[in-house]
Number of protein chains: 2
Amino acid sequence: MVMGRPRSFDTDKALDEAMEVFWRHGYDGASLAMLTKAMGIKPPSLYAAFGSKEGLLKAALDRYAQKRSAHMRYVLAGPTARDVAERFLSSIAESHTDPANPPGCLLVQGGLACGAGSENIPFELAARRAQTETELRERFVQAKQDGDLAADADPAALARFLSTVASGMGVLASSGADRDALREVARVSLSAFTTCHASVSGRPYDERRAPAPIVSPRESS
Amino acid sequence: MVMGRPRSFDTDKALDEAMEVFWRHGYDGASLAMLTKAMGIKPPSLYAAFGSKEGLLKAALDRYAQKRSAHMRYVLAGPTARDVAERFLSSIAESHTDPANPPGCLLVQGGLACGAGSENIPFELAARRAQTETELRERFVQAKQDGDLAADADPAALARFLSTVASGMGVLASSGADRDALREVARVSLSAFTTCHASVSGRPYDERRAPAPIVSPRESS
DNA sequence: AGACTTATCTACCACTCGATACAAAAGTTG
DNA sequence: CAACTTTTGTATCGAGTGGTAGATAAGTCT
């Protein structure tokens, strides 16, 4: 078996650079010229390694998720539902204003709406955002069983609320809000969480509701 | 003085169409071909009327704000701070899932990150989002003077929280969430608001709490 | 009517987009 | 070394980008 010429660039390093370009300019706004320059490679190398621009994005998203997995494990390991929420919100406040990265969240900045030929990119990003919401929801279901979340609390609603606030913080950070601003939003949001998981006893949530449609097909223009 | 040939298309109607294209595809994703087709005019007419693609966006944003001004007046006219918050959040839940428009919010979908040559678009949109936050803040300052908001409440923080949730709801709606999902987020968020503006007297939040430690390992690239 | 002003249309500009053909280069394996 | 396989750089592809030149059409004014 013959091996052929070895790759002359580090795939993960190149993906980190590509990730930053997508993060800062969005999928449509990130041109191949930008990407290849940042990654330090030429188009044929890019296409040989990742197949297409969309393939490159997916690889970058995988790496993004991988880099954050430890973080998320820490969040979900919080001893109580409230701790999980607090860890989640503050980690978002920090990470979305980390000077080592572009401000905001790649899964939000990357592209909520794209042009012709990129219609599925928003779905791809939405699916990855939904993953975090799912993890939170399952953790809250567990918390309910553990008894540190009120019996009539709605894990799905709480997870969706936190996920929504996180997206909002991404938007806020992308427009230049500083870390303290995001911390403050986190604090107010946490009070909401606390209220909802403790005080709902009087007014029960309707729990036969479906667990949130994540991605629905959209009509083409 | 001579008047010249009159314009053969309705500017506002054309702007409505352009608005929808920007809304659905974002600034970068909206091509001139799409825009002119939707507006029913040819490029020279577009450029004569709006100057450039960016000028067209700004005009569309103006119209967007104009269309929402009545709505926002109603929100701000709420009798108490809590009513204002409730009106705000539920109007967002409705408008962001209005089938007459693309899902989400133009000011969010329009472009959080853009490509080379469009760097100022995100600023433009952020400035318009900030306007809503300002209106809410000023309303809450008034509410404080009126006494329907606790003396130690923070109007700026509350306004920012609401604005952030609204952006998050825009992201959520853009990925296909239905109206009930947004209503639920609104409800949870409102409970946060209520807690923050009412309960500060009863069970004060520890404002000296350390801003949430990030202990998790984050491998910096 | 005829002069004048402005809008509209056809056709096209220079440029950038994502993506590739092709040949030289750089390794591994016999 | 020679055969083989894969990557790399150069140079470029056709399509689409935002934007415009120039002629013509459609009005108003005197």
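Throughout, protein chains are lettered first and strands after them, A, B, ... in sequence-line order, and every chain is numbered starting at 1. All of these numbers come straight from a predicted model, not from anything done at the bench.
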Between [atom2] on [N] and [atom1] on [X], what's the gap in Å once rounded to a whole number?
{"X": "A/Phe50", "N": "C/dT20", "atom1": "CZ", "atom2": "C1'", "result": "18 Å"}
{"X": "A/Lys42", "N": "C/dA24", "atom1": "NZ", "atom2": "P", "result": "19 Å"}
{"X": "B/Lys53", "N": "D/dG18", "atom1": "NZ", "atom2": "P", "result": "4 Å"}
{"X": "B/Met3", "N": "D/dA25", "atom1": "CE", "atom2": "P", "result": "23 Å"}
{"X": "A/Leu46", "N": "C/dA19", "atom1": "CG", "atom2": "P", "result": "9 Å"}
{"X": "B/His25", "N": "D/dT17", "atom1": "NE2", "atom2": "P", "result": "12 Å"}
{"X": "A/Ile41", "N": "D/dT8", "atom1": "CD1", "atom2": "P", "result": "8 Å"}

Within less than 4.0 Å of OP1 or OP2 of C/dT8, is there a side-chain N or O belonging to B/Ser8?
yes
Under a 4.5 Å cut-off applied to non-hydrogen side-chain atoms, are B/Phe50 and B/Thr11 in contact?
yes
In the structure I gave you, are the side-chain heavy atoms of A/Gln109 and A/Leu125 within less than 4.5 Å of one another anywhere?
no
What verdict does the side chain to side chain donor-acceptor pair (under 3.5 Å) test give for B/Arg68 and B/Ser95, after you've listed the backbone C-alpha separation in whole Å, the side-chain angles of each residue and the deciding distance to 0.1 Å?
CA-CA 10 Å; B/Arg68 296 209 146 191; B/Ser95 67; 3.1 Å; yes
Take the angle between the ring planes of A/Tyr64 and A/Trp23 and call it parallel below 30°, perpendicular above 60°, tilted in between.
perpendicular
Note: for B/Gly4 and B/Gly40 on DNA chain C, the residue whose nearest nucleotide lies more 5' is B/Gly4
In B/Thr164, B/Thr134, B/Leu107, the residue satisfying side chain to side chain contact (heavy atoms under 4.5 Å, CB included) with B/Arg129 is B/Leu107
Could you tell me whether [X] and [Y] have a side-chain N and a carboxylate O separated by less than 4.0 Å?
{"X": "A/Glu86", "Y": "A/Arg82", "answer": "yes"}
{"X": "A/Glu124", "Y": "A/Arg128", "answer": "yes"}
{"X": "A/Glu17", "Y": "A/Lys13", "answer": "no"}

Polar atoms only, N or O, under 3.5 Å: list the protein pairs with nucleotides 20-22 of chain D and their distances.
none

Check this for me: does the side-chain of A/Arg5 come within 3.5 Å of the base of D/dT6 through a donor and an acceptor?
no
Please say whether more than 12 non-hydrogen atoms of neighbouring residues, nucleotides or ligands are located less than 6.0 Å from CZ in B/Phe9.
yes
Which part of the nucleic acid, if any, lies within contact of B/Phe9, taking any heavy atom under 4.0 Å across all strands shown: a base, the sugar-phosphate backbone alone, or nothing?
sugar-phosphate
Can you list, by residue number, the residues of residues 27-37 of chain B that have a non-hydrogen atom closer than 4.0 angstrom to DNA chain C?
none
